[in-house]
Every structure is written in C-alpha cells, then in structure tokens.
Amino acid sequence: MNDLDFSGKTVLVVGGSSGIGNGIARGFLARGAQVHVWGTRASAADYEGEEGSDLSGLGYTQVDVSDPDAIAAAPPPFETIDVLVHSQGAVFYGRREFQREGWSKVMAINLDSIMLISTALHDRLAAAKGSIIVVSSIGAFRATMGNPAYAASKAGAVNLVHALAQAWARDGIRVNGIAPSLVDTKMTKVTMDHKERRERALAKIPLGRFATVEEMAGVALFLASPLASYICGQTIVVDGGLTL
C-alpha cells in the first residue's frame with residue numbers, strides 16, 4: 001500500500017491558483033486525487049501563461065474569500081471533502097497594513113476566511129474523516145517589519161489550528177498547518193526581484209537556498225496522509241533552518 005496515493009480522494013485548495021497553493025494542488029493531482037481550487041479571477045483561463053500557475057486538470061471556482069457573503073454562497077465542489085487546504089493569502093507593502101483598510105483586508109483573507117470556510121465545510125470533512133491544512137508562515141513566530149496585519153494574521157492562524165484541532169478531533173477531522181519561510185512565488189517578488197534583499201535573506205538560511213513550492217506540497221501530502229494520522233493541531237515549520 002502506498003500511503004501517499006490519494007486516488008479517489010477529494011481535495012479543495014483555497015488559493016490554489018498560483019504559488020504554494022498551486023504547487024500543493026498539483027501535488028495531490030499527481031497522486032490521483034480529484035482537486036478543485038478557489039481563486040480570485042473569473043475563470044481558470046485567466047491564469048493561462050502566468051508563471052507559477054497551472055490549472056490544467058483542476059476544477060476551478062472564483063471566490064472572493066475576503067467577503068463572508070461570497071464564502072457562504074460558494075458551492076462546495078464535492079459531496080464529501082477528504083482534504084481542505086487553506087493557502088489563501090495577502091500582504092500589503094508601503095505601510096498600507098497600518099491603515100484601517102489594509103489591516104482589515106489582510107485579516108479577512110489570511111485569518112477570517114480560514115474560520116468561515118472551515119466551518120462551512122465541516123460536515124463534508126467530518127463525513128470523510130478528512131484533514132485541514134493551513135498554510136501559515138514563519139511570520140507567525142517573529143516580527144515582520146512593515147507588515148503588522150500579515151504577522152498578526154499568521155500568528156492567529158497558528159492558534160486557530162490549535163483551537164479547531166482540539167474542537168474537531170472528536171469528529172474525525174485532523175487540523176494541522178505549515179509555516180514556510182521564503183518561497184519564490186508571486187507574493188515574495190518584492191524580495192526575490194531585489195538583489196540586495198534576496199542576498200540578505202539567503203544568507204540567513206542554513207540550507208543555503210530558498211524553498212520550492214514542490215517542497216511545501218510534500219509536507220502537505222504528508223500531513224494529509226495516513227503517515228501523519230496521529231499528528232493533530234501542529235504547525236510544521238518548513239524554513240531550511242532560518243528560524244534556528
């Protein structure tokens with residue numbers, strides 16, 4: 001038996017249209033799962049040709065997860081859900097997160113939506129004895145200069161993993177998380193495309209390189225698999241040793 005074979009399983013990746021979420025979605029798809037993603041654009045075709053975005057073979061629905069009403073109205077993609085991955089995320093630069101609008105938007109996407117989507121899909125996850133995986137950040141555990149909403153939302157997400165795991169374990173739902181450091185994606189371009197920032201960031205990583213989306217997918221696959229059947233309420237730091 002292959003514990004990483006997800007044939008016949010159903011997976012919803014929120015924020016699966018690009019970056020880490022897309023890498024996770026493709027990881028499950030490659031191992032036999034039916035995978036559906038929620039994204040921000042009108043259709044999957046709107047992502048064609050964009051770096052870090054491959055929606056071939058994936059179901060797709062546009063859902064504005066910053067809007068509670070849009071979440072409530074979103075049609076569940078499957079009758080039962082084996083894996084729910086939260087990879088939605090927003091970060092605003094230029095000190096915009098110190099302003100009310102920026103703060104509220106980031107918190108709505110990075111934290112509030114996790115709770116709203118998870119509770120909306122609870123019964124479908126319980127029916128499958130499923131797993132929830134929340135993609136957080138090492139920003140949950142340390143100050144993030146210029147991004148208070150991002151840091152606070154990610155810290156909140158880690159604690160929400162604790163709370164939901166404790167509440168829903170009795171329903172057969174395991175809730176865990178992943179806390180990556182810098183991965184070369186659309187969200188990290190402000191660092192990746194700036195030579196000095198990139199070199200400073202790289203110098204702090206003991207493994208001497210940035211992570212790939214495929215490596216994040218590997219951790220998600222593990223957490224959703226029988227190999228992790230006794231892991232509950234944990235957020236695994238995946239940072240190449242950066243936080244050491």
Side-chain angles (χ1 to χ4, degrees), residues 12-22 24 37-43 46-47 50 52-53 60-76 84-122 132-168 175-183 185-194 197 216 233 235:
L12 171 60
V13 183
V14 182
S17 55
S18 63
I20 292 174
N22 192 244
I24 291 173
V37 304
W38 285 0
T40 58
R41 300 182 188 177
S43 71
D46 293 324
Y47 293 93
E50 184 167 309
S53 181
Y60 180 82
T61 303
Q62 180 189 32
V63 182
D64 178 2
V65 299
S66 70
D67 179 359
D69 292 333
I71 291 172
L84 169 61
V85 179
H86 288 286
S87 191
Q88 64 270 40
V91 60
F92 294 150
Y93 298 104
R95 301 187 73 80
R96 290 169 59 197
E97 292 183 13
F98 286 86
Q99 306 302 316
R100 178 178 177 180
E101 182 180 357
W103 170 274
S104 296
K105 187 81 168 182
V106 170
M107 295 298 286
I109 294 171
N110 292 6
L111 183 58
D112 297 353
S113 71
I114 296 173
M115 183 63 178
L116 294 174
I117 295 166
S118 296
T119 52
L121 299 177
H122 169 275
I132 297 175
I133 299 168
V134 176
V135 179
S136 182
S137 166
I138 61 166
F141 309 108
R142 55 194 295 174
T144 305
M145 185 177 294
N147 295 107
Y150 182 83
S153 65
K154 294 301 184 179
V158 169
N159 212 304
L160 184 57
V161 164
H162 295 164
L164 293 182
Q166 184 182 51
W168 292 352
V175 185
N176 290 293
I178 302 169
S181 57
L182 278 173
V183 182
T185 66
K186 181 170 59 178
M187 186 176 285
T188 60
K189 288 299 182 187
V190 68
T191 296
M192 295 300 177
D193 291 348
H194 189 288
R197 287 179 182 170
M216 298 304 118
T235 294

Asker: Give me the one residue out of Val85, Ile109, Val65 that meets side chain to side chain contact (heavy atoms under 4.5 Å, CB included) with Val14.
Answerer: Val65
Asker: What's the spacing between Leu84 CG and Leu121 CG if we round to 0.5 Å?
Answerer: 6.0 Å
Asker: How far apart are the closest heavy atoms of Val106 and Ala90, and which atoms are they?
Answerer: CG1-O, 3.7 Å
Asker: How close do Ser113 and Ile71 get, counting heavy atoms only, and between which atoms?
Answerer: CB-CD1, 3.9 Å
Asker: Asp64 and Ser66: which non-hydrogen atoms are nearest, and at how many Å?
Answerer: OD1-OG, 2.6 Å
Asker: What side-chain donor-acceptor pairs closer than 3.5 Å can you find for residues 134-141, not counting sequence neighbours?
Answerer:
from, atom 1, to, atom 2, distance (Å)
Ser136, OG, Lys154, O, 3.2
Ser137, OG, Gly139, N, 2.8
Ser137, OG, Tyr150, OH, 3.4

Asker: If you look only at distance, which donor and acceptor atoms sit under 3.5 Å apart when one is on a side chain in residues 159-168 and the other is two or more places apart or in another chain?
Answerer:
none

Asker: Spell out, as yes or no, whether a donor-acceptor pair under 3.5 Å connects the side chain of Asn176 to the backbone of Gly233.
Answerer: yes
Asker: How close do Ser118 and Ile132 get, heavy atom to heavy atom, and via which atoms?
Answerer: OG-CD1, 4.0 Å
Asker: Measure the spacing between CZ of Phe92 and CG of Asn147 and express it to the nearest 0.5 Å.
Answerer: 10.5 Å
Asker: Taking Ser87 for the side chain and Gly21 for the main chain, is one N or O donor matched with an acceptor at less than 3.5 Å?
Answerer: yes
Asker: Nearest 0.5 Å, what's the OG-CH2 distance between Ser153 and Trp103?
Answerer: 8.0 Å
Asker: Heavy atoms only: give me the nearest Val63-Ala74 pair and the separation to one decimal.
Answerer: CG2-CB, 3.8 Å
Asker: For Tyr47 and Ser53, work out which heavy atoms get closest and say how close.
Answerer: CB-OG, 3.3 Å
Asker: Please round to the nearest 0.5 Å and tell me the distance separating atom NE2 of His86 and atom CD1 of Ile133.
Answerer: 10.5 Å
Asker: With a 4.5 Å heavy-atom cut-off, do Gln88 and Ile117 have their side chains touching?
Answerer: yes
Asker: Would you compute the distance between atom CE of Met145 and atom CZ of Arg95 and round it to the nearest 0.5 angstrom?
Answerer: 9.5 Å
